[in-house]
Amino acid sequence: MTILEPIDAYPTRRIAGYPVRAGRSLPFGATRVPGGVNFSVYSNHATSVTLVLYREGEAEPMAELPFPESFRVGSVHAMTVFGLDVERLEYGYRVDGPRLPWQGHRFDPDAVLSDPYARMLTGHGPYRHRSRVALDDFDWEEDRAPHLPHEDLVIYELHVRGFTRHPSSGVSAPGTYAGLVEKIPYLRELGVNCVELMPVSEFDETDNVFTGVNYWGYSPVGFFAPKASYAATGREHMQVDEFKHLVKELHKAGIEVLLDVVFNHTAEGDERGPSISFKGLDNATYYMLTPDGHYYNFSGTGNTLNCNHPVVRGFVLDCLRYWAAECHVDGFRFDLAAILGRGADGGPLHNPPLLESLAYDPILRDRKLIAEAWDAAGLYQVGSFPHYSRWSEWNGRYRDTVRRHLKGDLGVTGELATRMVGSPDMYSRRGTAATVNFVTSHDGFTLRDLVSYDHKHNEANGEGNRDGDDNGNSWNCGQEGETDDPAVLALRARQQRNALLILLASRGVPMLLAGDEIGRTQLGNNNAYCHDGPLTWLDWRLREENADLFRFTRRAIAFRRAHPVLRGGSPGSVHWHGVRAWSPDWSAHSRVLAATFDGGGDDCVYVATNSHWESHTLELPEPPRGQTWHLFADTAAAPPMDAFEPGSEPPLANQSQLTVGPRSVAILVTH
Amino acid sequence: MRLRKELRGGVTVISLDGRLDSETAPGVQQDLQGLFPEDGLVVLDLSETRYMSSAGLRVLLLVYRQAQRGEVRLALTGLAPDVRAIMEATGFLGFFTVVESVEEGVEALTV
């Protein structure tokens, strides 16, 4: 078959010495076309736009090509430039327009802006915000998303750099996408089937006035661009290939990939912040502004993306479609998602068009959409986030309830029961897929620190320990911080297991924080966003040191996967107990809760938790269908008897009673 | 970029000397096709390839695929450590038969 050259693959004129022709408006961004590159950029308020081309690494542009008026369709400027070597090309836009900040316009023709649709940014060095053209072909072969049902997920939240950056990781390219690929066998062994990657699109690593380091990455610069400094091949500008390879390899291992995306603000800050892209391109469109042109700050970072503006909405949708369709990502966790439900004036909308578009988008139809359903300005929507029967939520109330129960607070038992069966008070219509349950996340204490510190210790963050959450519901088990007191250490070991066991025996989608399975500590820092070092990197020596905890976690995950009844089912499949079978004690002074989850057959599980400092002997309900109770886990027992291999649980000697130790959780199963 | 072809015991060895990047890639792709035999074994020797860009890797893969569709069996040898690392990180390495030497290539391809 002869492939005809496109009939428009030739220039019609020269601008600044370069052969060009009127471009195509769609797709937006820079796209390779036969013989050249098509550049398309839009701005509703700009009066002129110039394409600025650089040879890579050079300070001065090699050419500036103003878009002729005839190359504009609506507010979209598009031009095809021929004969460019895309591998050595960097580009940006110079945009002019009104300089009327009180009306929201902050055009500055002196600035060269990055392309909001750039698939790559230079990412490092003095010109780190310059855009680059990606070679977007990739051989996915037969890649298929695992398409796991929501409730079958066990999510593992990790930071791409922190996961393998520590020298102990033993990978060939520490701190990179490629390094993470080398750890896939570890993820398989642990048994998680979904990773949630903290921000991996280009962000400003220096965006922090206190320490000069932004490690977490909630400071977006390029929404379409995988972070170059997370790629072993970033220097060769192959981060797109390397990221796609990571996704492909995770899929081969049956592991889904969720991205933590930050559409609530950008790294451009308020009026004092830099003009990197959006601010200079069309400030009044991209940001929520007060009537006199100041920035609303619902994100706590200086600005708020105006995400329900029709143009910004389109941008967000284009971006998510790109990650889903081109990069095969399985879903998204939306940072401070309550902001995505606010209108241009900041008020919460009843029917936020952005959230609705995402819920019904054809490309995103099967992708997970998870909201962090609050923001930094007090809008708390856990249980009431506009969900269109599509959205799940980080269940902050689950976290708070389990933590309060663990430290022995009174009056929590009833709420704990509700949280453990999928929080039907909030999600009864949506089912258990709607709640992402977690005890720890990147934001706050690690699990080990949760049981080792009463107070946050954030002095190293440079804000006099004023930053971070003060209501972490943590308990140090008797001594603040590191200790060698065996009794305290034993209690802490038990408390970590209690948390993991409750989490993995709760209906809903469990999420683990990477490293919690081997006792990672941040030395009491509960807001370690600003440390890119041993404090935040996973120390793989803990894998040996806390091999018991790893084995326990692995077995608890395997047990969950072996028992569908723990992942969902009718309310009628759960029966509550207390010290007496069938008699739960919902009173305020109760610290004991037990339940049977009965899914029929061998799928019957008894869970008992005791947050009292004394042991309690519980009357067991008769096991159904003539079976007998077997012991899967007892956190009061010394390892390795704290949990057994699922399927090989030993029978319980006493079938009518179970003693649950002080501050312990036990799980039985029928065989 | 200079291409050299020699026959070593029934195997066509093609050496690529220089930079393989977006500038040289289209020419290399064309030249390689010209140097390929109708059938038999081909080893691409990259030990004198000083730089391999993203476009360069794509040329290699395209050539490799083309060979697979025909009667030619192809292997790579002489990968510099940094080229190998890039190919590994991006997954390109997995598509190729990579051998330590031309002799090993003959063995690998004739099995």
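Numbers restart at 1 for each chain; the letters A, B, ... are given by sequence-line order, proteins then strands.
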At a 4.5 Å cut-off on heavy atoms, which part of [X] comes close to chain B: side chain, backbone, both, or neither?
X: Ala173(A); value: neither
X: Glu141(A); value: side chain
X: Arg88(A); value: side chain
X: Lys248(A); value: side chain

Task: Cation over ring face, Arg21(A) and Tyr10(A), 6.0 Å, 45° - done: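 The answer is yes; both the distance and angle limits are met.
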Task: Partner chain A: residue of Ala85(B), Ala89(B), Gly91(B) with the largest heavy-atom pair count (under 4.5 Å) - done: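 Among the listed options, the one with the most contacts to chain A is Ala89(B).
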Open item on the list: Please identify, among Ser53(B), Ser22(B), Ala55(B), the residue contributing the most non-hydrogen atom pairs under 4.5 Å to chain A.
Closed with: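 Heavy-atom pairs under 4.5 Å are most numerous for Ser22(B).
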- [ ] With a 4.5 Å cut-off on heavy-atom pairs, point out which of Val240(A), Asp85(A), Asp139(A), Val86(A) contacts chain B the most.
- [x]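 Most pairs with chain B among the choices: Asp139(A).
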Task: Best-contacting candidate, Val181(A), Asp137(A), Thr233(A), Leu246(A), against chain B by heavy atom pairs under 4.5 angstrom - done: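 Looking at each of Val181(A), Asp137(A), Thr233(A), Leu246(A) in turn, Asp137(A) comes out on top.
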Open item on the list: Tell me whether the rings of His328(A) and Trp140(A) are parallel (<30°), tilted (30 to 60°) or perpendicular (>60°).
Closed with: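 Parallel.
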Open item on the list: What I'd like to find out is whether the side chain of Arg84(B) reaches to under 4.5 Å of the side chain of Leu76(B), using heavy atoms alone.
Closed with: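 No, too far: nothing below the 4.5 Å cut-off.
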Open item on the list: So, applying side-chain contact (heavy atoms from CB on, under 4.5 Å) with Leu197(A), which one of Tyr230(A), Phe163(A), Phe243(A) is it?
Closed with: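 That would be Phe243(A); it is the only one of Tyr230(A), Phe163(A), Phe243(A) passing the side-chain contact (heavy atoms from CB on, under 4.5 Å) with Leu197(A).
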TODO: Please find out if less than 6.0 Å separates the ring center of Phe39(A) from that of Tyr91(A).
DONE: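 Centroid distance Phe39(A)-Tyr91(A): below 6.0 Å, so yes.
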TODO: Decide if atom CZ of Arg65(B) counts as having more than 12 heavy atoms of other residues, nucleotides or ligands within a radius under 6.0 Å.
DONE: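 More than 12 heavy atoms, drawn from other residues, nucleotides or ligands, come within 6.0 Å of this atom.
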